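Values in this document were obtained by computation on a predicted structure and should not be read as measured data. Protein chains get the first letters and strands the later ones, always in sequence-line order, with residue 1 at the start of each.
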Number of protein chains: 2
Amino acid sequence: MSQTKMITTKRVTSHEVAQQAGVSQSTVSRVFSRDTRLSKTTSERVMRVAGELGYKPNAIARSLSTQRTQIIGVVASYMTNPFFPVVLEAFTQRLHELGWRVLLFTAGKSNDVDVLLPDVLAYQVDGLIIVTATLSSQMTREVLQRGIPVVLFNRYAPGSGASAVSCANDEGGRMVADELVRAGHTRFAYITGRPDTSTNVDRQKGFLERLAELKVTDCLIEPGDFTYEAGFAAAQRLLTSSRPPDAIFCANDITALGALDAARKLKVSVPNELSVIGFDDIPMGQWAAYDLTTVRQPLEDMIEASIELLLERVENTDLASVLQFLPGTLVRRGSARLSP
Amino acid sequence: MSQTKMITTKRVTSHEVAQQAGVSQSTVSRVFSRDTRLSKTTSERVMRVAGELGYKPNAIARSLSTQRTQIIGVVASYMTNPFFPVVLEAFTQRLHELGWRVLLFTAGKSNDVDVLLPDVLAYQVDGLIIVTATLSSQMTREVLQRGIPVVLFNRYAPGSGASAVSCANDEGGRMVADELVRAGHTRFAYITGRPDTSTNVDRQKGFLERLAELKVTDCLIEPGDFTYEAGFAAAQRLLTSSRPPDAIFCANDITALGALDAARKLKVSVPNELSVIGFDDIPMGQWAAYDLTTVRQPLEDMIEASIELLLERVENTDLASVLQFLPGTLVRRGSARLSP
DNA sequence: GAGTTTGTTGCAAGCGTATGCACAAACTAT
DNA sequence: ATAGTTTGTGCATACGCTTGCAACAAACTC
């Protein structure tokens, strides 16, 4: 069908460079793969000719030949939560610095992760980073069986065979409980994220466990889904109830911002009448309008760890999977009362 | 060096499927490229065997053979401005639906667009979408010379040979001027974005031109850079000056949010004492804390147009480049006074 | 029943690069 | 001078797939 005459396009290949430079194609190839045992003379001549012709090695052909694409697949979505774009940008940037390319996939309403995974695999990615959603265990198995290492970021699935890097979410939840109790709060609430995520489960678990240890039993659980809107609605429900809480821990920052705006709308004074604490430490938390107290995830370290874990396993497929939890730190700002 | 024994990994190729199914390799290939003239019998048998063996066509090999990678390169950065993540997600999603993959590149401090472009090219992308930053004209030329169509999103560079899709920014600026003047404002200000972007230039130009047409000459220009922090600082400077404006037009929404927070901090009542209007219509503008009046970019249409423009040119390299401007719409919310 | 058309499938030549092996030239050591 | 070593380059094949061309059997046509 599309038999358009390709008049202009003239891809320069290593053969042409070789011919112009009076060497063999293999020599050109060796020049570009920095093969040591090449005379400076030829090397330079080839480079010069290549430059003149505008030759760039064809990464696709190289991939086919080396059985390595130097491509990492990244699955990320929910870009309306500012946490993910920042993570994505950092990953892309860092991987690029290390000589890897990023093939981006976004899960969404129409396409589940499991649905788009075959496409990921078709492109022979050397490794896979999953920032949003989780793979079905069946899919994980299929991927790992092909010898493609997987790292889950900010989530984990023990026994799946996938490695994972996550914040120590339970510990974070405990820190928040400590902080709020120490500040003298008595009536607590937790606004959840999506209930099927390890992130939400652990934050909630740590929070409630620590509260129990401190002999606090008065904690409402209000359902949310990690969004601003859910946070707003949940906080509104809580604050207009017969016995409103004086401290709210939110499953993530964006939820907390929603909660803060609900408080503002209801003229509930923060932090005098109400403390709100989030989780993530997204840039917006620092904005004057919010000044959000939160648990900071050690993003840089988490990303660095993820990449290291992944690339190690790209090099050596036999390495066992690893779960890694990095500690968060409480960042005290204006949205939560301080202990006296 | 890395001569690890690949014990587990057994990539299934079309040859193996062919052998198992008792047909030739080409037949297997034809089955997977939906070649019509194949008997149902063989077709189904091949499919069944392929399923059993877990065969997926190797996209890399296919790319090499067809001279088409089905990969679109996307350059995007500044993920802290919520506008871009949303755009990126939409692009990725839509392109995936249409059977294309996205290779993501982020420009940044260390790597300019021009620096990472060679890498983009090495992977033989079939097309290029640039969401952030602009290419140097030299680079654009080099890309286009290779027959790789380029679409600039939300920015343009006339005469570069690259197509572009953008909001009618000047018209948007004019709409804002109209709205603010009609509401009875008299002392205006514009907080700029990065001055070297078409986006900023056009919004400013339209705004000022329309003000001039309406016989308004009193408009301060305060430098910004499309960030919250710059908006906050600029608004603070403006509002604490000897003769503060009563209406501020911001180069984009995130700047406007900063301006609103500055006003809040300085106890300047919005919209009574001050109107603020942004540009983009990011989701956060709807939040209760801001309720931002703004010019909405027709994102869906812009993305659809970009993709159409790009894919057209992937099919037919000879098509001339096109600049396309889609009209924005004023979204009236609470941050700007309404006309009486 | 010979000639023609139609529908299926196989053969084989690429696509652009990497790399083991062979070999010539230039040294080093006897 | 000879044998052994090092250094630099080319040859040829492989990577997994697509696709033009040809082969062939089956189904028609007259």
Side-chain angles (χ1 to χ4, degrees), chain A residues 1-3 6 9-47 49-50 53-71 121-124 126 146, chain B residues 1-3 6 9-47 50 53-71 121-124 126 146-147:
Chain A
M1 283 298 151
S2 63
Q3 303 235 1
M6 297 296 245
T9 320
K10 35 160 191 183
R11 310 207 188 215
V12 187
T13 72
S14 55
H15 280 99
E16 300 172 39
V17 176
Q19 193 172 339
Q20 290 284 324
V23 296
S24 76
Q25 179 270 327
S26 8
T27 299
V28 176
S29 166
R30 291 201 174 96
V31 169
F32 278 86
S33 37
R34 316 212 176 296
D35 196 310
T36 41
R37 40 179 209 183
L38 277 181
S39 74
K40 269 225 166 62
T41 336
T42 15
S43 193
E44 276 166 4
R45 180 154 39 95
V46 169
M47 272 304 196
V49 175
L53 268 58
Y55 168 75
K56 298 275 186 319
N58 181 328
I60 298 295
R62 180 186 302 212
S63 298
L64 188 59
S65 182
T66 58
Q67 300 289 74
R68 277 286 202 92
T69 55
Q70 296 281 108
I71 292 179
L121 296 181
Y123 276 88
Q124 316 293 113
D126 290 337
R146 285 175 193 248
Chain B
M1 282 297 149
S2 62
Q3 304 234 0
M6 297 296 245
T9 321
K10 34 159 192 185
R11 311 207 187 217
V12 187
T13 72
S14 56
H15 281 99
E16 301 173 39
V17 176
Q19 193 172 340
Q20 289 284 324
V23 297
S24 77
Q25 180 271 328
S26 9
T27 300
V28 176
S29 167
R30 290 202 174 96
V31 170
F32 278 85
S33 38
R34 316 215 177 295
D35 196 310
T36 42
R37 42 181 206 180
L38 277 180
S39 73
K40 266 224 167 62
T41 335
T42 19
S43 193
E44 276 167 4
R45 180 155 37 94
V46 169
M47 272 302 195
L53 269 56
Y55 168 75
K56 298 274 183 324
N58 181 328
I60 297 294
R62 176 183 303 201
S63 298
L64 189 59
S65 180
T66 58
Q67 300 288 75
R68 277 288 201 89
T69 54
Q70 295 282 106
I71 292 179
L121 296 181
Y123 276 87
Q124 317 292 114
D126 290 337
R146 284 175 193 248

Inset, instruction - Kindly write out the residues that satisfy side chain to side chain contact (heavy atoms under 4.5 Å, CB included) with A:S43, not counting sequence neighbours, or none if the list is empty. - result: A:V31
Inset, instruction - Name all residues meeting the side chain to side chain contact (heavy atoms under 4.5 Å, CB included) criterion together with A:T69; count only those two or more places apart in sequence or in a different chain, and write none if there are none. - result: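 Result, side chain to side chain contact (heavy atoms under 4.5 Å, CB included) vs A:T69: A:S63, A:I71, A:Q124, A:D126, B:I60.
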Give a yes/no on whether any side-chain N or O of [X] is located under 4.0 angstrom from OP1 or OP2 of [N].
| X | N | answer |
| --- | --- | --- |
| A:T13 | C:dG16 | no |
| A:T27 | D:dG10 | yes |
| A:S65 | D:dA14 | no |
| A:T66 | D:dC15 | no |

Inset, instruction - Could you list all the side-chain hydrogen bond (donor to acceptor under 3.5 Å, both in side chains) pairs where at least one residue sits in residues 16-25 of chain A, not counting sequence neighbours? - result: A:S14-A:Q25, A:S24-A:S26, A:S24-A:T27
Legend entry - Under-3.5 Å donor-acceptor pair between A:R30 side chain and C:dG20 base: yes
Legend entry - Side-chain-base donor-acceptor pair under 3.5 Å for B:S26 and C:dC11: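 Counting by modelled atom types and ignoring angles, a donor-acceptor contact under 3.5 Å is found here.
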Legend entry - Inter-end axis angle, the helix from C:dG1-D:dC30 to C:dT30-D:dA1, with every axis fitted to five base pairs (rounded, 10 degrees): 40°
When all nucleic acid strands are considered with a 4.0 Å heavy-atom cut-off, which category describes [X]: base, sugar-phosphate, or nothing?
| X | result |
| --- | --- |
| A:S29 | base |
| B:S63 | nothing |
| B:Q25 | base |

Inset, instruction - Could you note down all residue pairs passing salt bridge (charged side-chain N to carboxylate O under 4.0 Å, His left out) where residues 56-65 of chain A supplies at least one of them, sequence neighbours left out? - result: A:K56-B:E142
d([atom1], [X]; [atom2], [N]) in whole Å:
| X | N | atom1 | atom2 | result |
| --- | --- | --- | --- | --- |
| B:L121 | C:dG16 | CG | P | 16 Å |
| B:Q70 | D:dT18 | CD | P | 12 Å |
| B:I60 | C:dT17 | CD1 | P | 14 Å |
| B:E44 | C:dT8 | CD | P | 13 Å |
| B:N58 | D:dT18 | CG | C1' | 13 Å |
| B:L64 | D:dT18 | CG | C1' | 10 Å |
| A:Y55 | C:dG16 | OH | P | 10 Å |
| A:R62 | D:dA14 | CZ | C1' | 17 Å |

Inset, instruction - Name every residue in residues 17-24 of chain A that has at least one heavy atom under 4.0 Å from any atom of DNA chain C, in order of residue number, or write none if there are no such residues. - result: none
Inset, instruction - Run the numbers on A:T13 and A:N58 for side chain to side chain contact (heavy atoms under 4.5 Å, CB included), then give the verdict. - result: CA-CA 8 Å; A:T13 72; A:N58 181 328; over 6 Å; no
Legend entry - side chain to side chain donor-acceptor pair (under 3.5 Å) partners of B:S29, counting only residues at least two apart: none
Inset, instruction - Measure the shortest side-chain to side-chain distance between B:V46 and B:V17 over non-hydrogen atoms and say whether it is less than 4.5 angstrom. - result: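 Yes. Closest side-chain heavy atoms under 4.5 Å.
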Inset, instruction - Using heavy atoms to find the nearest nucleotide of DNA chain C for B:R45 and B:Q67 separately, return the residue whose nucleotide is more 5′. - result: B:R45
Inset, instruction - With rounding to the nearest 0.5 Å, note down the distance linking OG in B:S65 to CG in A:L64. - result: 10.0 Å
Legend entry - Pairs meeting criterion ring-ring contact (aromatic ring centres under 6.0 Å, His included) with involvement of residues 12-35 of chain A, two or more places apart: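 Applying ring-ring contact (aromatic ring centres under 6.0 Å, His included) to every pair that reaches into residues 12-35 of chain A, excluding sequence neighbours, yields A:F32-A:Y55.
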